[in-house]
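Here the structure is laid out as structure tokens; the discussion comes afterwards.
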Amino acid sequence: MYEELLHRHPRNPILTAADWPYPANTVFNAGATLLPDGTTLLLCRVEDRRGHSHLCAARSKNGVDEWQIDPQPTLMPDPENYPEEVWGIEDPRITYISELGKYVIAYVSYSRGGPGVSLAVTEDFQHFERLGVVMPPEDKDAALLPRRIDGHWALIHRPVTALGAHMWISYSPDLRYWGRHRLILEARRGAWWDANKIGLSPPPIETAAGWLVLYHGVRQTASGALYRLGLALFDLDRPERCLRRGDTWIFGPEMPYERYGDVGNVVFPCGYTIGPDGDTLNLYYGGADTCVALATASIRSLLDWLDRHGKLDVSGVDKWHEVELASEG
Ligand code: BMA
């Protein structure tokens, strides 16, 4: 028996389109945060029957039920001013930035050129300041780290390059201009569960041991893609350095609401909250691109598992050096 690190909530799925106060096809891939009064806020991706997505906030005292859902979309695409949002906005990841006293949302803007990464800033989830597209297509699966590293903001994201679909980090002095791009974690190859395509899932979790990263691996099979989750740990002060990476996935589609839906066999977390004990991780994930579900884990046991099963991973660093050497040569 494999160890079970993530425990599904018995009330899953906790939110579906049937709960919505206005017509919606599906509700999934929600960003999450705790508001100052302890309320859980989920910023859900809502897809309409055109196939376009927008974001809508749902609030709950216990993070499980009695959700108060905004009666109208909370953040709609604004293609007139932001043409990169023409086909919708998707998969928000929320980071609270104490230096700014604001939340920064990294979301996918679906442009004619493919998906890119956009940022928006808010204090109250009612008014939003857009910073526009910060990573051009094709790029997605992005989240901001909650504090500056050596004076610079850091964004983890997943560009698709000639090297494949791997995880990168970039730095910025002002959240608008980004550089010092580094590959930090590579998809594996061949039969691996995380072969060819990986991406950051929720924002990294800051722990004393390092940035704990849940990432998704996409395996292509004869009957479509399988989305599963793995663990990696990155250096607190140099988040481009991967300290440990697990070989096996720790969570994958099993339940009917994960197996069946608009896109079956997908578990896709975009957010979490941490319980008052400082250890309980409440992970909110999309099930089969159709609903929102909840699983809990102990952060200590995730780190302990990585200690026992993780290995040093230098794939990203090595590849980057190869690229540097090749471009210099
Ligand atoms: C990814 C993202 C997610 C989605 C997943 C499965 O590429 O677009 O929004 O949940 O595919 O369809």
Point-to-point distance, once rounded to the nearest 0.5 Å, from [atom1] of [X] to [atom2] of [Y]:
{"X": "Leu42", "Y": "Leu55", "atom1": "CG", "atom2": "CG", "result": "12.0 Å"}
{"X": "Met167", "Y": "Ile198", "atom1": "CE", "atom2": "CD1", "result": "5.5 Å"}
{"X": "Trp192", "Y": "Arg219", "atom1": "CH2", "atom2": "CZ", "result": "11.5 Å"}
{"X": "Phe128", "Y": "Leu119", "atom1": "CZ", "atom2": "CG", "result": "13.5 Å"}
{"X": "Leu281", "Y": "Ile205", "atom1": "CG", "atom2": "CD1", "result": "4.5 Å"}
{"X": "Ile184", "Y": "Arg241", "atom1": "CD1", "atom2": "CZ", "result": "13.0 Å"}

Residue Arg49 excluded, over 12 heavy atoms near CZ under 6.0 Å: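 No, CZ of Arg49 has 12 or fewer neighbouring heavy atoms, counting only those of other groups under 6.0 Å.
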
Flag if over 12 foreign heavy atoms under 6.0 Å of CD, Gln68: no

Trp193-Tyr215 aromatic ring centre distance below 6.0 Å: yes

Ring center gap for Tyr284 and Tyr272 short of 6.0 angstrom: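 Aromatic pair excluded; centres sit 6.0 Å or further apart.
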
If you define the side chain from C-beta out and look only at heavy atoms, does anything of [X] sit under 4.5 Å from [Y]?
{"X": "Ile169", "Y": "His181", "result": "no"}
{"X": "Cys44", "Y": "Leu15", "result": "yes"}
{"X": "Gln220", "Y": "Val218", "result": "yes"}
{"X": "Pro77", "Y": "Pro79", "result": "yes"}
{"X": "Ile14", "Y": "Asp65", "result": "no"}
{"X": "Leu212", "Y": "Leu231", "result": "yes"}
{"X": "Val121", "Y": "Tyr103", "result": "no"}
{"X": "Asp237", "Y": "Ile149", "result": "no"}

Counting N and O atoms only, with roles assigned by atom type, does the side chain of [X] sit under 3.5 Å from a partner on the main chain of [Y], one being a donor and the other an acceptor?
{"X": "Asp289", "Y": "Asp262", "value": "no"}
{"X": "Thr122", "Y": "His127", "value": "yes"}
{"X": "Thr95", "Y": "Leu144", "value": "yes"}
{"X": "His7", "Y": "Ala295", "value": "no"}

Which atom of [X] lies closest to which atom of [Y], heavy atoms considered:
{"X": "Leu183", "Y": "Trp168", "result": "N-CE3, 3.4 Å"}
{"X": "Gly63", "Y": "Ser60", "result": "N-OG, 2.9 Å"}
{"X": "Ile69", "Y": "Ala58", "result": "CG1-CB, 4.0 Å"}
{"X": "Cys270", "Y": "Ala30", "result": "CB-O, 3.4 Å"}
{"X": "Cys242", "Y": "Leu185", "result": "SG-CD1, 3.9 Å"}
{"X": "Val46", "Y": "Cys56", "result": "CG2-CB, 3.8 Å"}

Charged N to carboxylate O below 4.0 Å: is that the case for [X] and [Y]?
{"X": "Lys140", "Y": "Glu138", "answer": "no"}
{"X": "Arg130", "Y": "Glu84", "answer": "no"}
{"X": "Glu129", "Y": "Arg176", "answer": "yes"}
{"X": "Arg244", "Y": "Asp235", "answer": "no"}
{"X": "Arg300", "Y": "Asp307", "answer": "no"}
{"X": "Asp150", "Y": "Arg238", "answer": "no"}
{"X": "Asp139", "Y": "Arg158", "answer": "no"}
{"X": "Arg93", "Y": "Asp141", "answer": "yes"}
{"X": "Lys61", "Y": "Glu66", "answer": "no"}

Salt bridge (charged side-chain N to carboxylate O under 4.0 Å, His left out) between Arg45 and Glu47, intermediate numbers included: CA-CA 7 Å; Arg45 169 175 171 191; Glu47 195 183 285; 3.7 Å; yes

Test salt bridge (charged side-chain N to carboxylate O under 4.0 Å, His left out) applied to Glu258 and Arg8, step by step: CA-CA 11 Å; Glu258 301 161 348; Arg8 290 173 176 84; 2.8 Å; yes

Side chain to side chain contact (heavy atoms under 4.5 Å, CB included) assessment of Leu294 paired with Asn282: CA-CA 7 Å; Leu294 169 63; Asn282 302 306; 3.8 Å; yes

Ser301/Asp304 under side chain to side chain donor-acceptor pair (under 3.5 Å): CA gap, chis, key distance, verdict: CA-CA 5 Å; Ser301 11; Asp304 175 62; over 6 Å; no

Chi angles and distances behind the side chain to side chain contact (heavy atoms under 4.5 Å, CB included) call for Trp67, Asp19: CA-CA 9 Å; Trp67 295 94; Asp19 301 311; over 6 Å; no

Side chain to side chain contact (heavy atoms under 4.5 Å, CB included) between Leu35 and Arg59, intermediate numbers included: CA-CA 9 Å; Leu35 300 176; Arg59 295 169 178 82; 4.2 Å; yes

Candidate pair Trp87 and Tyr110, rule ring pair (Phe, Tyr, Trp, His ring centres under 6.0 Å), full reasoning: CA-CA 5 Å; Trp87 288 333; Tyr110 200 164; 5.7 Å; yes

Worked verdict on Arg308 versus Glu3 for salt bridge (charged side-chain N to carboxylate O under 4.0 Å, His left out): CA-CA 12 Å; Arg308 284 181 286 122; Glu3 246 170 281; 3.0 Å; yes

Parallel, tilted or perpendicular, as decided by the 30° and 60° cut-offs, for the rings of Trp20 and Tyr22: perpendicular

Side chain to side chain donor-acceptor pair (under 3.5 Å) evaluation trace for Asn12 with Tyr257: CA-CA 8 Å; Asn12 276 348; Tyr257 55 87; 3.0 Å; yes

Candidate pair Lys102 and Asp124, rule salt bridge (charged side-chain N to carboxylate O under 4.0 Å, His left out), full reasoning: CA-CA 8 Å; Lys102 292 177 182 171; Asp124 52 12; over 6 Å; no

Residues Asp48, Asn25; criterion side chain to side chain donor-acceptor pair (under 3.5 Å); working and verdict: CA-CA 5 Å; Asp48 62 29; Asn25 172 51; over 6 Å; no

Linked, directly or transitively: Leu175 and Tyr171 (ILVMFWY side chains, under 4.5 Å):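 Per the 4.5 Å side-chain linkage, Leu175 and Tyr171 are not co-clustered.
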
Derivation and outcome, ring pair (Phe, Tyr, Trp, His ring centres under 6.0 Å), residues Phe28 and Phe268: CA-CA 8 Å; Phe28 56 115; Phe268 202 91; 8.5 Å; no

